[in-house]
Structure formats: structure tokens, C-alpha cells
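Side-chain atoms are counted along with the backbone in the values below, which use heavy atoms only and exclude waters and symmetry mates.
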Amino acid sequence: MREGLRSRVVELEALLKSKTAPGPLTACDQVLADQALESLDEAKEALGHEHGRPAAHIAVAQTQLDVAYIFLLRLLTLEDMTAHLPGIVAFIKEHLPLGDERRAHVDEIALSVRAGDTLTENQREVLVDASTVAHQVHLKEKLRVRSFAHIVFGVTAALAIIAALIAMAGAASPGTVPLCFNPTGIGIVCATATAPAPAGAAANGERVDGRSLDQMYADVATQWDYPVVELVGLVAAAVAAAASLRRIHGTSTPYNVPVALALLKLPTGALTALLGLLLMRGDFIPGLSALDSSAQIIAWAVIFGYAQQLFTRFVDNQAQLVLNSVGGPTTRNPGKTMRGSPAQPS
């Protein structure tokens with residue numbers, strides 16, 4: 001996208017110079033031309049920043065390009081403005097709602113020009129005003145995408161920290177909340193260890209050899225139970241994220257929303273794997289309260305890790321709605337693109 005903006009800067013700069021080259025301009029037109037060239041210089045300066053926050057620099061460059069383009073529209077002759085009319089109208093229709101008065105006036109102007117009428121200065125002002133508002137709406141749409149991406153990245157980081165802290169706490173004190181089960185006739189089964197035990201009496205809350213069932217769980221549990229379960233859930237979530245790529249169409253914005261969504265699934269999968277097993281450990285799921293082996297515990301961790309899709313799909317749907325609002329290849333109407341206006345490179 002950065003290279004596309006650079007090429008657009010060169011194009012607009014050439015157009016401005018071609019409009020000012022034939023002869024001296026009026027004082028008003030000279031002010032517009034000077035300001036347009038200054039905006040292009042600022043756009044080039046923003047695009048020259050290779051470090052820091054690339055998305056922010058691109059947004060600044062795009063804003064300056066929009067300003068330069070609006071100034072160019074005011075410098076064009078009415079004949080040239082008529083030639084640019086289809087692109088201007090398409091961009092305005094893409095970003096202004098149907099009930100907007102400016103859009104209604106633009107539609108009337110387009111119909112009159114198509115019928116053979118000559119464009120007037122008053123109509124030019126209407127087109128420039130509507131185009132300015134459309135560019136502002138387009139910028140707000142991109143800022144909404146940036147805000148959404150930042151929120152998703154922030155939630156992902158928070159969940160990753162929580163998952164890491166739980167794994168460390170489980171490794172430091174595996175007997176506090178052991179990931180163990182007591183299947184009848186088998187013994188104590190944990191995520192990474194098993195041990196024979198007289199399960200019947202202990203399961204009824206009685207003590208066996210002076211120990212309760214919880215104490216036997218704590219004796220068998222190892223420091224690897226929590227980390228292994230979370231790792232398995234994370235791997236299952238990574239597979240789910242890879243499978244979900246088939247529905248991702250990408251985005252023309254400089255904000256990596258698809259990457260943010262994929263990363264969100266990883267810590268979510270680790271936590272859902274752990275929480276799912278804890279629910280089974282607490283007899284929350286009838287008939288699945290006593291797993292028979294460590295392999296079954298790991299298998300259920302895989303299922304629960306993949307099941308994070310049930311939660312993150314709502315975020316995926318919201319992300320698609322946010323991307324659809326920007327226009328371009330992610331819109332519901334595939335025939336529309338962000339190239340509705342010459343000032344909007346994708």
C-alpha cells in the first residue's frame with residue numbers, strides 16, 4: 001500500500017504542475033495550488049518514515065493525499081471536472097448513505113450531465129463538498145478498523161498473559177487444583193501421570209489410608225499437567241485458526257485484522273482447553289466426569305482447544321462487519337472497490 005500511495009503522490013503532483021504550467025494563475029488558484037503541493041510534500045514525508053508505526057504514517061499520507069485531491073478538483077476546468085465525474089460519483093455513492101442530501105444532489109448532477117447539460121460552478125461546489133465528506137467518512141471507516149485491530153491485539157495480549165500465569169501457577173503448585181480424575185476400578189488419572197488407588201471409598205468422601213481423594217489427587221498431579229493441557233489447547237486452536245483462513249478475504253487497510261483474529265484464537269484455545277477439563281473435573285458434564293486415561297484427558301483438551309471457535313466466531317463476524325464498512329474487496333458487493341475515486345489507491 002505504501003508504494004501505491006507513493007505512485008499516487010507522483011501522479012497528483014504531475015497533474016497539479018500540468019494545470020499550473022500553461023500560465024499565471026489567479027491569486028485564489030495560486031493559493032490552492034501551493035497548498036496542494038504542500039500537502040503532497042507532507043504525504044511524501046510521512047511515507048518516508050520506514051520505522052515507528054507504519055500504519056499511522058500511511059494514514060497521515062492518505063489524509064494529505066485526500067486534501068491535495070480536493071484542491072485539485074477546485075483547480076480543474078469544468079470540462080476536466082466533467083471527465084472526472086464518474087469516479088467522483090462512484091466514490092461518493094460508496095461512502096455516503098442513501099439518505100444523505102449531498103448524495104442525492106450528486107445523483108441529480110450526474111443525471112443532468114448524462115442528459116447533456118453543462119456542469120456549472122455551483123454544481124462543482126456540490127461535488128467538491130460531497131467528495132470532501134466522503135473522504136472524511138472513508139477515513140473514519142479506516143480509523144474504526146484500526147481501533148478494532150488494537151482492541152483485538154490488546155485482548156490477545158491479556159489472554160496470553162493470563163494463560164501464562166495460570167500455567168506457571170499450575171506448575172508451581174500442581175496439587176492446588178489438580179487436573180485429575182478418579183475412574184472406577186482404575187485409580188487416579190491426571191493429565192501427565194496415573195496411579196492406582198482404592199477409588200470407591202474415596203469417591204464417596206471417605207478417607208483411604210488417612211488421605212482424602214483431593215489429597216491423593218495432589219500426590220499424583222505433576223508440574224507438567226497445566227502446561228501440557230494449555231499447549232495442547234493452543235495447538236488445537238492454531239489448527240482452527242489455519243482452517244478459518246479459507247474465509248478470510250484480506251483487507252486493503254494497513255491494519256492486520258486477519259492476523260489479529262488468528263492470534264486471538266491461540267491463548268483462547270489454551271484457556272478453553274483448561275477450563276473445559278476443569279468443568280469435567282467438577283462433574284459439570286454428566287457421564288464425562290471420570291476420564292479413564294491421560295490420553296483421554298489430552299484428547300478432550302484438543303476438543304476444548306478447538307472449541308474456542310464457538311466464542312471467537314462472534315469476533316470474526318464483527319471483524320467482517322467492520323471491514324465491510326470500509327469498502328474495497330471486503331464489501332458485500334464484490335463489484336465495488338476502493339478505487340471509486342482516483343484519490344483512493346488500494
Side-chain angles (χ1 to χ4, degrees), residues 152 154-184 186-195 197 199 202-203 213-245 247 260-319:
V152 175
V155 172
T156 300
L159 291 178
I161 292 173
I162 292 172
L165 291 176
I166 292 176
M168 290 188 291
S173 180
T176 302
V177 186
L179 290 174
C180 299
F181 297 85
N182 180 215
T184 303
I186 295 179
I188 305 298
V189 178
C190 299
T192 59
T194 59
L213 181 60
D214 287 338
Q215 289 174 326
M216 287 186 284
Y217 281 165
D219 292 339
V220 179
T222 72
Q223 63 179 355
W224 294 106
D225 287 349
Y226 274 71
V228 167
V229 167
E230 288 196 8
L231 178 62
V232 170
L234 185 146
V235 172
V239 174
S244 68
L245 292 177
R247 299 192 302 270
L261 295 175
L263 291 178
L264 176 64
K265 298 178 187 297
L266 303 184
T268 305
L271 291 174
T272 54
L274 178 62
L275 294 176
L277 288 174
L278 289 176
L279 289 175
M280 296 178 69
R281 165 78 169 77
D283 296 338
F284 184 80
I285 303 177
L288 294 174
S289 58
L291 302 182
D292 296 337
S293 66
S294 297
Q296 283 192 9
I297 295 177
I298 299 301
W300 276 102
V302 172
I303 294 174
F304 286 129
Y306 197 94
Q308 50 75 35
Q309 287 286 96
L310 297 176
F311 305 99
T312 57
R313 70 188 180 93
F314 297 107
V315 183
D316 294 341
N317 293 338
Q318 181 61 31

- Query: Between Ser294 and Cys190, what is the shortest heavy-atom contact and its length?
  - Reply: OG-O, 2.7 Å

- Shortest non-hydrogen separation from Gly233 to Ala273 and the atoms involved: CA-CB, 3.6 Å

- Message: Just verifying a value: how many Å separate Leu275 CG and Glu230 CD, rounded to the nearest 0.5 Å?
- Response: 9.0 Å

- Query: Could you state the interatomic distance from OG1 (Thr156) to CG (Leu266), rounded to the nearest 0.5 Å?
  - Reply: 8.0 Å

- Message: Let me confirm one number: the NZ-CZ distance from Lys265 to Phe311, rounded to the nearest 0.5 Å.
- Response: 12.0 Å

- Message: The test is side-chain contact (heavy atoms from CB on, under 4.5 Å); show your working for Val189 and Asn182 and say whether it passes.
- Response: CA-CA 6 Å; Val189 178; Asn182 180 215; over 6 Å; no

- Partner set under side-chain hydrogen bond (donor to acceptor under 3.5 Å, both in side chains) for Ser293, not counting sequence neighbours: none

- Taking atom CE of Met280 and atom CD1 of Ile297, what is their separation to the nearest 0.5 Å? 8.5 Å

- Side-chain donor/acceptor of Asp225 to backbone N/O of Thr222, under 3.5 Å: yes

- What residues form a side-chain contact (heavy atoms from CB on, under 4.5 Å) with Thr268, not counting sequence neighbours? Leu159, Leu264, Thr272, Gln308, Thr312

- Out of curiosity, Ser173 OG to Tyr226 OH, how far, rounded to the nearest 0.5 Å? 9.0 Å

- Note: Ala243 and Tyr306 closest approach over all heavy atoms is CB-OH, 4.1 Å

- Message: Show the nearest heavy-atom pair for residues Pro227 and Ala171, with the distance to one decimal.
- Response: CG-CB, 4.3 Å

- Message: Minimum heavy-atom separation for Ala221 and Pro178, please, with both atom names.
- Response: CB-CB, 3.9 Å

- Message: Apply side-chain contact (heavy atoms from CB on, under 4.5 Å) to residues Leu278 and Leu179 and explain how you reach the verdict.
- Response: CA-CA 7 Å; Leu278 289 176; Leu179 290 174; 3.5 Å; yes

- Residue pair Val229, Val232: steps toward the side-chain contact (heavy atoms from CB on, under 4.5 Å) verdict: CA-CA 5 Å; Val229 167; Val232 170; 5.9 Å; no

- Task: Indicate yes or no for a side-chain donor-acceptor contact from Arg281 to the backbone of Phe181 under 3.5 Å, with no hydrogens or angles considered.
- Result: no

- Task: Return the set of residues passing side-chain contact (heavy atoms from CB on, under 4.5 Å) with Ile162 (not counting sequence neighbours), or none when no residue passes.
- Result: Ile166, Leu271

- Nearest heavy-atom approach of Ala262 to Ala241 is O-CB, 4.1 Å

- Item | Worked check of side-chain contact (heavy atoms from CB on, under 4.5 Å) between Val152 and Leu263 | CA-CA 9 Å; Val152 175; Leu263 291 178; over 6 Å; no

